[in-house]
Amino acid sequence: MLKCTQMNDVDALFDEMMTLYGQDILQLVYSYVKDAVVAEDLTQEIFIKSYKALPTYNQQASIRTWLWKIASNHCKDYQKSWYFRNVSTADKEHEWTSTDNVEDVVIQQDEDRKLADAVMALSIQYRELIYLHYFQEMKLKEISEITGVKLGTVKTRMRQAKKRLKTYWEECTDGR
């Protein structure tokens, strides 16, 4: 939650927004584009766009919801762009971390990778809901506001997304 409640100090409010929500926005953007470098670039663009629009923020929705709406729309616009449709980039390798219990870390990373792969394999309409609900802990009503999709449709898509994830997980783990 933002501590800076003075809308008069746009720079302080923006700084606080970036501190509180920067990483979350980056992760949201990555869930759309599946490329770390592009996600970083788009996140910068989103914050520039939100900075320019901050004086017009009317406080009808929370600043968090407002920022997520900007990010979501920006990502959707990017996906419609010529660049996204016609230019491909190489996937980056995951970095390994060292720890005392390497076997547990490897097993956990494998399960995390499988879950991430399952989520990323979903179409964007499902992936976006899963990310916002489970990773950002947003309520379905807030997701409805951000995405501009009716609450009933959000609920239906969430059920379908869970069902698809369950099927993918069972296939991936042979029912274990």
Side-chain angles (χ1 to χ4, degrees), residues 1-4 13-14 16-47 49-50 53-54 57-81 84 91-92 94 107-173 175-176:
M1 190 61 71
L2 287 174
K3 294 177 186 172
C4 182
L13 181 62
F14 182 72
E16 200 169 339
M17 282 173 38
M18 285 184 55
T19 302
L20 285 174
Y21 304 124
Q23 186 63 35
D24 295 338
I25 293 294
L26 178 62
Q27 291 171 340
L28 172 67
V29 173
Y30 182 82
S31 76
Y32 276 92
V33 298
K34 302 179 185 181
D35 183 300
V37 174
V38 173
E40 289 173 1
D41 290 344
L42 290 176
T43 300
Q44 288 179 354
E45 292 172 12
I46 289 163
F47 276 105
K49 187 181 280 189
S50 66
L54 200 52
Y57 169 63
N58 60 15
Q59 300 181 3
Q60 288 182 341
S62 73
I63 196 96
R64 180 179 184 225
T65 302
W66 177 78
L67 184 59
W68 256 257
K69 182 79 169 174
I70 290 172
S72 178
N73 287 338
H74 192 75
C75 290
K76 290 174 184 175
D77 290 344
Y78 173 75
Q79 288 181 318
K80 294 175 190 172
S81 73
F84 179 77
D91 290 334
K92 305 291 182 213
H94 296 282
I107 290 170
Q108 185 62 49
Q109 284 180 340
D110 185 52
E111 288 181 359
D112 290 348
R113 182 190 50 76
K114 287 177 184 175
L115 181 58
D117 288 347
V119 172
M120 295 306 272
L122 294 172
S123 67
I124 191 63
Q125 67 182 3
Y126 300 127
R127 188 169 61 232
E128 177 182 47
L129 295 178
I130 294 294
Y131 176 77
L132 292 174
H133 185 67
Y134 291 104
F135 294 95
Q136 294 304 317
E137 300 176 353
M138 291 185 178
K139 295 181 187 248
L140 296 179
K141 184 177 182 191
E142 191 174 9
I143 294 171
S144 173
E145 292 172 12
I146 289 170
T147 60
V149 176
K150 292 180 182 176
L151 181 59
T153 304
V154 169
K155 290 178 182 178
T156 301
R157 287 182 182 172
M158 185 61 79
R159 278 193 305 274
Q160 292 170 343
K162 288 179 187 178
K163 183 178 177 182
R164 290 172 189 225
L165 280 175
K166 181 180 178 189
T167 301
Y168 183 93
W169 188 258
E170 287 172 349
E171 291 172 359
C172 184
T173 60
R176 286 180 262 151

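Put simply, CG on L129 and CD1 on I146 are 10.5 Å apart, with the number rounded to the nearest 0.5 Å. Taking CD1 from I130 and CE from M120, the interatomic distance works out to 13.0 Å, rounded to the nearest 0.5 Å. Between the CG atom of L67 and the OH atom of Y21 there is a distance of 8.0 Å, given to the nearest 0.5 Å. Atom CZ of R64 and atom CG of D24 lie 7.0 Å apart (nearest 0.5 Å). Taking CG of N73 as the start and CD1 of I70 as the end, the distance is 8.5 Å to the nearest 0.5 Å.
In terms of heavy-atom proximity, I25 sits nearest to A71 at CD1-CB, 3.9 Å. Considering all non-hydrogen atoms of both residues, S72 and L28 come closest at N-CD2, 4.5 Å. A pairwise comparison of heavy atoms in H133 and M138 identifies ND1-O, 2.9 Å as the closest pair. Between S31 and I124, the shortest heavy-atom contact is O-CD1, 4.1 Å.
F135 pairs by the ring pair (Phe, Tyr, Trp, His ring centres under 6.0 Å) definition with Y131, not counting sequence neighbours. Scanning for ring pair (Phe, Tyr, Trp, His ring centres under 6.0 Å) contacts around Y126 gives an empty result, with sequence neighbours left out. Partners of K49 according to the side chain to side chain donor-acceptor pair (under 3.5 Å) rule, which considers only residues two or more places apart in sequence or in another chain, are H74. In this structure A39 satisfies the side chain to side chain contact (heavy atoms under 4.5 Å, CB included) test together with L26, V29, Y30, V33, sequence neighbours excluded.
Taking the side chain as every heavy atom from C-beta outward, L122 and Y168 never approach each other to under 4.5 Å. M17 has its side chain within reach of L54: a pair of non-hydrogen atoms, C-beta onward, lies under 4.5 Å apart. Residues Q125 and V149 fail the side-chain proximity criterion, which asks for heavy atoms closer than 4.5 Å. Using a 4.5 Å heavy-atom cutoff, the side chains of T167 and R164 are not in contact. The side-chain heavy atoms of R159 and K155, taken from C-beta on, include a pair separated by under 4.5 Å. By the 4.5 Å heavy-atom criterion applied to side chains, V38 and Y78 are counted as neighbours. Put simply, the side chain of V119 does not reach to within 4.5 Å of the side chain of Y134, judged on heavy atoms.
Applying the side chain to side chain donor-acceptor pair (under 3.5 Å) test to every pair with at least one member in residues 141-152, sequence neighbours left out, gives these pairs: T65-E142. Sorted by first then second residue, the salt bridge (Lys or Arg N to Asp or Glu O under 4.0 Å) pairs that include residues 118-139, not counting sequence neighbours, are K76-E128.
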Stepwise side-chain contact (heavy atoms from CB on, under 4.5 Å) check, L42 with Y32:
CA-CA 10 Å; L42 290 176; Y32 276 92; over 6 Å; no
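Between Y57 and W66, the two ring planes are tilted [angle within 30° to 60°].
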